[in-house]
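First the proteins, then the strands, lettered A, B, ... as listed; each starts at 1.
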Amino acid sequence: MRRYFGRKLSIYLLTFFVAATIDWLIPRFMPGNPVQTLLSRSALPPEAVPAMTAYYNNLFGLDQPFIQQYVNFWAALLHGDLGRSVYLSGAPVAKVIMDAVPYTLALLVPAILLSWWAGNKFGALAARRALLDNAVLPIGYILTATPYMWLAIVVAWVFGIVLGIFPISGGYSYALEPSLTWTFIGSLLAHWVMPFASLFLVMFGGWAIGMRNMIIYELDADYSRYLKALGAPSGLIRRYAFRNAMLPQITGLALQLGVIVAGALVTEIVFSYPGIGKLLLAAVQNEDYFLLQGIFLFVIGGVLVANFLVDIAYVLVDPRTRLGMRGESA
Amino acid sequence: MTLQVTDLRVYYRTLAGDVRALDGVTFDLADGEIMGLAGESGCGKSTLGNSLVRIDGRMKYVAGTVRLDGLELPIADMDRMDEFRFKDISIIPQYAMSALNPTRKIGRMVADLLESRGVRFGEMRTELERRLLLVGLTEAVLDRYPIELSGGMKQRMVMVLSTLLNPSLLIADEITSALDVTSQRAVAETLVEFRARGFVKGMIVITHDVSILYQVADTLTIMYAGKLAEKAPTSVIMQKALHPYTDLLISSLPEVGVRFDERRLSGIPGTPPSLLNPPPGCRFRDRCPLAFEKCAEEPPFVEVAPDHSVACWKVA
Amino acid sequence: MLQLDGVSKVYRVGAFGGTGLTAVRDVSFTVRAGEVVSLIGESGSGKSTIGKMILRLIGVTSGSITFDGTDIARLDGDSLRAYYRSVQGVFQDPFSSYNPVFKVDHIFDLLRGTYFRDAGDADWRRKVEESLESVMLDPAQILHKYPHQLSGGQLQRLLVARALLLDTRFLVADEIISMLDASTRIDVLNLLGDLKGRGLGILFITHDLSLGNYISEKTVILSRGRIVEMGATGRVYGNPLHPYTRALMGSVPQLHRKWSEVEADLAAKGANVAGRCIYHAQHGTDGGPVAPDGVATGLVEAEADHFVGCFRPYLEGAC
Amino acid sequence: MSHQTPTDRGVPPGGSPVTALTGAVAPHEAPVPRTAPGRLPSETVGRRREILYFALHGRKVLVSVAILLVLLVIAVVGPILRPGDPNAFVGPLGAPPSADYWFGTTTFGQDVFAQFASGLTATFLVGLTGGGLAALIGMTVGFVAGYRGGVLDEILNMITNVVLVIPTLALLLVVTAYLSARGLFVEAIFIGLTSWPWAARAIRAQTFSLKTREFVDLARMSGASSLRVIFREIAPNMSSYLFLTFILLFGGSILIAASLDFIGLGPTDGTSLGLMMYNAVAWSALQLGMWWWFIPPGLGITAIVGALYVMNVGLDEIFNPRLREA
């Protein structure tokens with residue numbers, strides 16, 4: 001077991017190392033000089049340019065030897081220092097990100113868990129009811145083929161503009177100051193509902209279809225046939241099939257995390273939800289490279305941690321992996 | 001009589017039409033009898049075994065009756081048959097190695113199954129452990145996952161589980177074919193032991209290996225192309241088979257002691273007919289050295305001597 | 001013509017090195033032209049591994065395999081293709097031996113692409129038909145069919161025909177009839193007998209002792225990657241010495257003798273060697289090379305043309 | 001029979017295929033029919049006929065092909081009907097759909113239909129290029145890792161795992177953000193370079209199981225080279241599988257491209273469906289109720305990707321008779 005997790009952990013660490021290195025390398029290998037790009041944007045008087053160039057070179061550490069820059073980068077990273085945001089007037093990137101994280105997590109965690117739970121339940125149900133099956137399949141396929149942001153746009157348009165039920169922009173009402181009052185919490189919730197719902201819907205379709213297909217496959221597996229031959233009621237057989245069909249769904253969750261996170265980012269953009277996604281858009285639009293790099297590293301780290309959690313969950317559910325780790329199976 | 005099968009017909013549905021895998025089979029199985037069922041692949045022997053337990057979606061019940069202990073089985077009715085499965089008629093399937101749910105501890109699975117059939121696991125546990133010991137397993141296996149067991153252990157576990165409720169009839173479907181010779185013998189002898197201890201009354205042992213059947217079966221039934229060719233006590237068939245197919249089949253099997261240089265054996269030329277649109281008359285006709293005009297008509301499966309039935313015009 | 005000399009195979013298990021699994025340990029025997037040697041063992045005995053090593057499908061970890069005096073490990077490119085001109089194999093599962101998306105002719109086309117580039121169409125067709133007829137197949141019924149349209153027996157003969165198309169002098173027949181129906185398997189086995197008559201050397205790999213006895217001149221019994229007993233077929237079957245061989249023989253279902261009779265017979269025959277390791281009796285307690293698991297790997301000649309290995313771990317107590 | 005742990009199964013990105021293919025992978029472990037003892041040979045005899053039968057009667061495939069064809073026709077015919085730069089300011093500002101402007105106009109008077117048609121072309125191109133490149137890499141890595149095994153397999157596996165867990169959109173963001181001028185193909189190539197891992201895994205697993213088939217040994221004993229064995233023996237056995245993989249990669253690429261465009265990191269010139277949505281949101285089409293601006297592009301993407309997924313399932317049912325009996 002320790003060996004298994006050791007192996008997993010080393011892959012994740014390697015991934016993080018590779019990703020961070022790419023992150024660091026890109027601005028240094030891309031055509032054009034990021035500092036020049038930066039300066040050309042701001043209307044500086046020409047005589048200030050050399051001074052500003054020197055300032056930024058120093059700020060970015062570009063005036064140091066190449067290797068030194070790389071070492072500094074890791075040293076800073078390990079101290080949680082992701083540099084400073086240019087567009088937010090020098091605020092530390094790490095802090096800027098941490099302020100946005102709760103919003104993103106508040107969207108992602110419930111959307112992932114609930115859609116996974118509901119999708120699996122629904123898919124299992126569909127697998128045995130022809131009528132439901134005929135409805136679930138087309139809807140499921142349409143939902144999963146929908147780009148996250150478009151579903152978000154449609155949801156916002158229908159429920160926000162046409163029906164006017166929910167606010168379509170922001171994390172809370174601009175008229176309020178963040179505080180622990182019921183009014184504020186109510187506003188938070190009202191703003192949360194639509195981004196959450198649109199994320200939930202896209203993912204829900206995928207899980208439902210996946211579960212349906214897996215259940216059908218499991219119901220044809222040898223253990224199911226044996227139980228049927230011994231007259232076990234279909235309830236028991238389905239319960240077993242469901243449990244075994246969950247395993248690939250857990251793996252699917254792990255492999256989907258990157259895509260889901262990306263989906264959450266664009267959803268936030270549609271709703272101007274003050275999470276990482278909105279921050280990302282601002283970084284792109286303002287060519288704030290430190291912020292962009294910081295967000296990238298943060299997202300990578302988040303996805304890796306989530307992957308590790310899913311790995312642990314998988315091991316807890318599937319005895320085969322546990323035993324395989326002890327080296328008892330070939 | 002434990003089991004009476006009369007004119008049983010079960011077909012497979014395919015797009016090309018019905019495959020007549022079981023095309024009118026009639027036989028009896030006496031109390032305490034171990035009947036060996038042998039034949040070439042595709043002759044319908046496994047279909048016969050399966051249709052007595054569970055006719056699944058791909059199979060189609062066409063005609064015939066099955067009576068077990070005097071009661072007619074609703075073999076065409078999947079739901080009503082549930083009552084009989086496991087308790088009255090049970091199977092050790094061909095895929096015994098993968099028959100256990102991989103993500104449940106074996107004891108838990110057995111308990112779930114028993115409780116779902118209205119049997120208290122607690123009451124059965126002592127008997128279960130006794131039978132496990134009989135096949136060389138300890139109660140510790142109940143606390144294990146299937147992956148922790150070797151292939152042979154899983155096979156024995158399934159054997160014990162399938163017979164736990166003392167069914168009247170047990171179907172053992174190709175249960176030795178994936179095993180090494182040493183395990184084959186152990187498994188085959190366990191079947192005999194189960195009968196001796198009264199765990200099962202009658203048994204149909206399906207295999208393509210006639211020599212295994214010679215070791216354990218009281219009677220031998222040979223199938224050919226969806227029909228029964230011959231049924232007789234094992235020793236009778238071995239000494240004096242009446243159906244030409246049986247005869248040729250047995251004489252094509254090499255025995256320890258027979259050598260190519262000294263006595264060259266030979267197989268049966270030709271292949272069995274397609275069961276999609278089988279030709280009329282005796283289905284062995286094309287390969288049969290004794291065939292004559294009469295064989296264009298279908299030979300009935302008749303008793304030519306006590307407990308010895310054959311479907312062949314030359315004999316009957 | 002074919003000689004195995006101290007051949008071992010260790011499979012690597014696990015990521016980046018990891019542990020080794022010894023599938024074959026220190027195996028030596030020879031096969032002469034016009035001779036069938038049956039290699040008998042249960043699953044996991046390493047018998048198929050030996051066949052694959054001879055066919056150069058997997059490498060040898062230590063020891064050497066020589067064919068007509070040439071170490072086959074050194075072959076590559078042209079010399080390997082020349083080797084396959086003389087040495088061919090037929091495997092257990094006829095359906096798996098054919099690529100299901102192609103017609104059966106594909107196995108001949110593959111050969112043509114390598115060995116008969118110059119043959120004209122008519123010439124080639126005649127050659128293929130001749131080889132089919134030599135295994136008693138009707139070309140008209142067989143060619144241009146998909147594998148699933150033919151029976152297992154036909155497919156296996158077709159594979160033998162493929163081997164005959166080349167100048168095959170040595171054939172590895174790995175369980176070639178175990179998946180065939182009883183009514184046709186004996187004919188494929190007879191085919192091997194006929195090839196032997198034509199001077200081919202054949203390694204017949206099987207788990208079925210009665211088949212080995214039927215066809216072979218020489219028998220090699222393998223257990224856990226090691227030869228436990230070897231010699232002229234009559235000697236090995238008539239007087240099985242190793243406890244493992246005797247256990248095997250006692251378990252083989254026979255047609256006219258019950259297990260209990262066979263067992264009594266074996267017990268009577270084996271009374272003289274019961275409980276005594278012949279290898280160590282001859283060799284002394286510390287003689288010969290010993291494997292890490294404590295089993296001596298050598299063989300001793302118990303009688304003329306009849307060799308036997310250490311009785312461990314099939315003997316209670318020490319040797 | 002399965003020596004794969006469930007974790008080794010390839011799983012594609014983008015909701016549905018994830019599982020559409022996982023569901024299919026397991027039956028695919030035996031992609032070719034075999035007649036085992038006791039099984040009826042006729043089960044396999046009718047296979048070829050069955051494939052034809054289901055291809056002609058499979059509604060899923062027919063409907064999805066029809067949808068794709070209609071969209072393809074729009075992409076081809078659109079620029080002929082509305083020649084000129086689709087981004088040109090040609091009409092009234094923010095007009096709803098009418099006889100003159102079928103899909104209405106944007107806040108700036110751009111013709112939404114013209115943008116839609118040219119965006120469709122871009123979408124198909126991105127899917128084809130990105131999906132094609134990803135399929136190529138996935139197949140190469142999968143074949144080599146699966147067939148050669150050993151240390152090479154370990155290394156390729158490691159690389160695959162690393163690329164698999166990197167959230168590729170985030171990586172693409174960083175890369176593209178630094179490129180001042182970006183074309184459609186640059187975008188497609190980046191997508192192709194990052195979206196292959198699940199395909200590589202799935203193909204590796206398939207290759208691994210096919211490699212043990214004896215016909216591979218037979219080909220080697222016929223003097224065939226590794227390359228020949230892979231492409232002439234193993235690949236034809238997986239052709240249906242490879243095609244399904246490509247379809248899923250095709251759809252996945254379109255979705256990734258849409259996300260990139262939407263963040264403003266799409267092509268810097270020309271138009272695309274994602275870019276249309278980006279502009280619609282950026283210029284408050286939502287608040288202004290200009291539904292004709294943001295509905296068509298999203299619907300177009302959904303229709304293409306949805307049709308691809310449904311086609312995947314339809315074809316899978318044809319290739320895998322087991323899935324048919326639900």
**OP:** Mind listing the closest non-hydrogen atom pair of D:Y147 and D:T207 along with its distance?
**Re:** N-CG2, 3.8 Å
Original post:
Between C:R169 and C:D68, is there a salt bridge with N-O shorter than 4.0 Å?
Top reply: yes
**OP:** Give, as side chain, backbone, both or neither, the part of C:L180 having an atom under 4.5 angstrom from any heavy atom of chain D.
**Re:** neither
Original post:
Checking C:R56 against chain D: side chain, backbone, both or neither under 4.5 Å from a heavy atom?
Top reply: backbone
Subject >> Proximity breakdown for C:Y115 and chain D, heavy-atom pairs closer than 4.5 Å >> reply: side chain
Original post:
Between D:V141 and D:R204, is any pair of side-chain heavy atoms under 4.5 Å apart?
Top reply: no
**OP:** Go through C:R125 and C:E129 one step at a time and tell me if the salt bridge (charged side-chain N to carboxylate O under 4.0 Å, His left out) criterion holds.
**Re:** CA-CA 6 Å; C:R125 192 169 329 120; C:E129 286 177 1; 5.2 Å; no
Original post:
Using non-hydrogen atoms only, which part of C:L110 is less than 4.5 Å away from chain D: side chain, backbone, both, or neither?
Top reply: both
Original post:
Would C:K47 and C:E175 pass as an ion pair if we require N to O under 4.0 Å?
Top reply: yes
**OP:** Return the option, out of C:R81, C:R162, C:Q88, with the maximum number of heavy-atom pairs under 4.5 Å with chain D.
**Re:** C:R162
